[in-house]
There are 2 protein chains.
Amino acid sequence: MTMGNIAGHAARSGDAAADQGAKKRLFLAAETLIAEEGFEAVSSRNITARAGVNLAAINYHYGSKTALLLDIFQTRAAELNRERTTLLRAALVGEPPSPRAILRALIEPPTLWISDARRTALRFLNRARSEGPAEIRAMIRDDVRHLRRFVEALEQALPHLDRAEIVWRLHFSLGVLHHNSAADYQRLALLSDGLCTPEDREALLGRLLDFVAAGFGA
Amino acid sequence: MTMGNIAGHAARSGDAAADQGAKKRLFLAAETLIAEEGFEAVSSRNITARAGVNLAAINYHYGSKTALLLDIFQTRAAELNRERTTLLRAALVGEPPSPRAILRALIEPPTLWISDARRTALRFLNRARSEGPAEIRAMIRDDVRHLRRFVEALEQALPHLDRAEIVWRLHFSLGVLHHNSAADYQRLALLSDGLCTPEDREALLGRLLDFVAAGFGA
DNA sequence: GTCTATACAATGATAGAC
DNA sequence: GTCTATCATTGTATAGAC
């Protein structure tokens, strides 16, 4: 997260949301617009217009449009993974730890964000995975640090499975978890004639956990 | 597939590959370039240069760049779903049919295409899902006809599960199946320190089937 | 340091000559 | 059917005002 001092001269103003620094306004405008309309539909001119700043502001504050989007992605992904790490730590107090609790630490945070104040952030993250610029997708592809912790935890919880087995099944689980965009759910609703919707967060979390845990034989 | 008569005046020539109609040359050039370098890296000027035709040929033959890409997608997806339908029919002769055979009909064709002559087509399809233009992703989202056959088959094979259960688990299975791009496998290799690769098609198919069938309790 | 106005190269699309 | 020329829109870069 590169947005260091967001106060600036706006600190003297009493207005809260509308009168932030231009840099943070760009951050929030881009996140909201892209969460709602998608990466391809949002141009630099859209973003700067919504933020109420000049076209050149993106380049001045972030260097490029892609760098702005990457900053948004990294910020929100870090927040998500922080929540996961907290739950994972709690799951590891058992001896041996419960595989279901470990998988829950992976799955619960994004599932709860669906109908949260974090809904916009989650939509941005989901869209980034499929529609985002190559630089973001490269970062998703290459940064696996947060996943290594889950591999290690699952090795402890499932000592009868070797490392390759665990990584394969985690790979499959991530497929399930990431099949999560608005388009994916629209397809699900269509296929089920409206029977299946992600509205009930707890029920969705339960279904996800059941399916993935079954894949681990747990 | 809109490429009706691909012969044209080239039919009188003895040369096979290089001297096809401009329309088919555009089709193959675009498919190959995008399979290798991705949707974003390939411009109309790249495609027409590789096909040896004028820049305006895409618009003349297909109406737009997106229409060309959509045509490639529909053609290859239809071929893939034809293979699936054949396997599904064979799986349905049993009474009751085997859920594993039904899931195999869904999973086997794309898995075998990985190291086939169809490798390029599969890469195009996989990239289309994540990098493709909005029109292609809308078609993926809205066309579920081929999936309805699988829902019906699984209802027969698993009569103790209601329709909603089946559709949810099919949705999760599609997540597993679509987590299949070059980037996904690169991430898998990175996370496993090179331990897990999709090289052995039969082993991969077995792993996929085991994981997904477990999710159906089968 | 921050912001504005403006210019620039590249893209997909298209009209019209041949 | 094919090609040339041209168009609007995109992300980016920079000069200069405050």
Side-chain angles (χ1 to χ4, degrees), chain A residues 2-13 18-27 29-30 33-34 37-73 128 131-136, chain B residues 2-13 18-27 29-30 33-34 37-73 128 131-136:
Chain A
T2 60
M3 101 175 52
N5 176 15
I6 57 166
H9 69 279
R12 69 181 183 277
S13 163
D19 197 31
Q20 297 165 106
K23 190 171 185 183
K24 182 154 196 191
R25 284 216 308 283
L26 280 169
F27 183 102
L33 276 175
I34 286 170
E37 302 176 27
F39 277 81
E40 293 163 275
V42 177
S43 69
S44 293
R45 284 163 177 86
N46 296 148
I47 296 170
T48 50
R50 169 144 187 165
V53 300
N54 185 270
L55 170 62
I58 290 178
N59 249 266
Y60 175 74
H61 286 289
Y62 290 94
S64 71
K65 182 192 184 189
T66 299
L68 162 61
L69 304 181
L70 203 63
D71 189 54
I72 299 171
F73 176 82
E131 312 167 14
E135 286 83 351
I136 289 188
Chain B
T2 61
M3 101 173 49
N5 176 15
I6 57 166
H9 70 280
R12 67 180 186 278
S13 163
D19 195 31
Q20 297 164 107
K23 189 170 188 184
K24 181 155 196 191
R25 284 215 309 281
L26 280 169
F27 182 103
L33 277 174
I34 286 171
E37 301 174 29
F39 276 82
E40 292 161 277
V42 177
S43 70
S44 292
R45 285 162 176 84
N46 295 149
I47 296 170
T48 50
R50 169 144 184 165
V53 300
N54 183 269
L55 170 61
I58 289 179
N59 248 264
Y60 176 73
H61 286 290
Y62 289 94
S64 72
K65 184 192 184 189
T66 298
L68 162 61
L69 303 181
L70 201 63
D71 189 53
I72 298 171
F73 176 81
E131 313 167 14
E135 287 82 352
I136 288 187

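Just so we're clear, the structure is a prediction, and the values are computed from it rather than from any experiment. In what follows, every chain begins at residue 1, and chains take the letters A, B, ... in the order their sequences are listed.
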Asks: I'd like to know if the side chain of A:N46 reaches the main chain of A:S43, judged simply by a donor and an acceptor atom lying under 3.5 Å from each other, with no hydrogens or angles considered.
Replies: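 At least one qualifying donor-acceptor pair exists.
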
Asks: Which part of the nucleic acid does A:A22 contact within heavy-atom distance under 4.0 Å: base, sugar-phosphate only, or nothing?
Replies: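 Sugar-phosphate: the residue A:A22, judged by heavy atoms under 4.0 Å, touches backbone atoms but no base.
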
Asks: First locate atom CD of B:E135, then atom CG of B:L70, and finally report the distance between them rounded to the nearest 0.5 Å.
Replies: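 Those atoms lie 7.5 Å apart.
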
Asks: Please give me the minimum heavy-atom distance between B:R50 and B:A29, naming the atom from each residue.
Replies: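 Closest heavy-atom pair between B:R50 and B:A29: CG-CB, 3.7 Å.
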
Asks: Would you kindly give the CD-to-P distance between A:E135 and D:dT12, to the nearest whole Å?
Replies: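 From A:E135 CD to D:dT12 P: 9 Å.
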
Asks: How many angstroms lie between OG in B:S44 and NZ in B:K65, if you round to the nearest 0.5 Å?
Replies: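 These two atoms lie 5.0 Å from each other.
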
Asks: Please state how far atom CD1 in A:I47 lies from atom P in D:dT10, giving the value in whole angstrom units.
Replies: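 Atom-to-atom, A:I47 to D:dT10, this comes out as 11 Å.
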
Asks: Take atom OH of B:Y62 and atom P of D:dG1, then tell me their distance rounded to the nearest Å.
Replies: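 In whole Å, D:dG1 P lies 12 Å from B:Y62 OH.
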
Asks: A:K23 NZ to C:dC3 C1': how many Å, rounded?
Replies: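 To the nearest whole Å, that distance equals 15 Å.
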
Asks: If every non-hydrogen atom of B:I136 is compared with every non-hydrogen atom of B:L69, which pair is closest and at what distance?
Replies: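 That would be CD1-O, 3.7 Å.
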
Asks: Classify every nucleotide of nucleotides 11-17 of chain C by which part a protein heavy atom approaches to under 4.0 Å, writing B for the base, S for the sugar-phosphate alone and - for neither, in 5'-to-3' order.
Replies: BBBB---

Asks: Write down the distance between CG (B:L26) and C1' (D:dG1), rounded to a whole number of angstrom.
Replies: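 Rounding to the nearest Å, CG of B:L26 and C1' of D:dG1 are 13 Å apart.
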
Asks: What are the two closest non-hydrogen atoms of B:Y62 and B:A67, and how far apart are they?
Replies: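 Heavy-atom minimum between the residues: O-CB, 3.1 Å.
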
Asks: Whether A:H61 contacts C:dG1 is assessed here as follows: a side-chain N or O lying under 4.0 Å from the phosphate OP1 or OP2. Is that the case?
Replies: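 No.
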
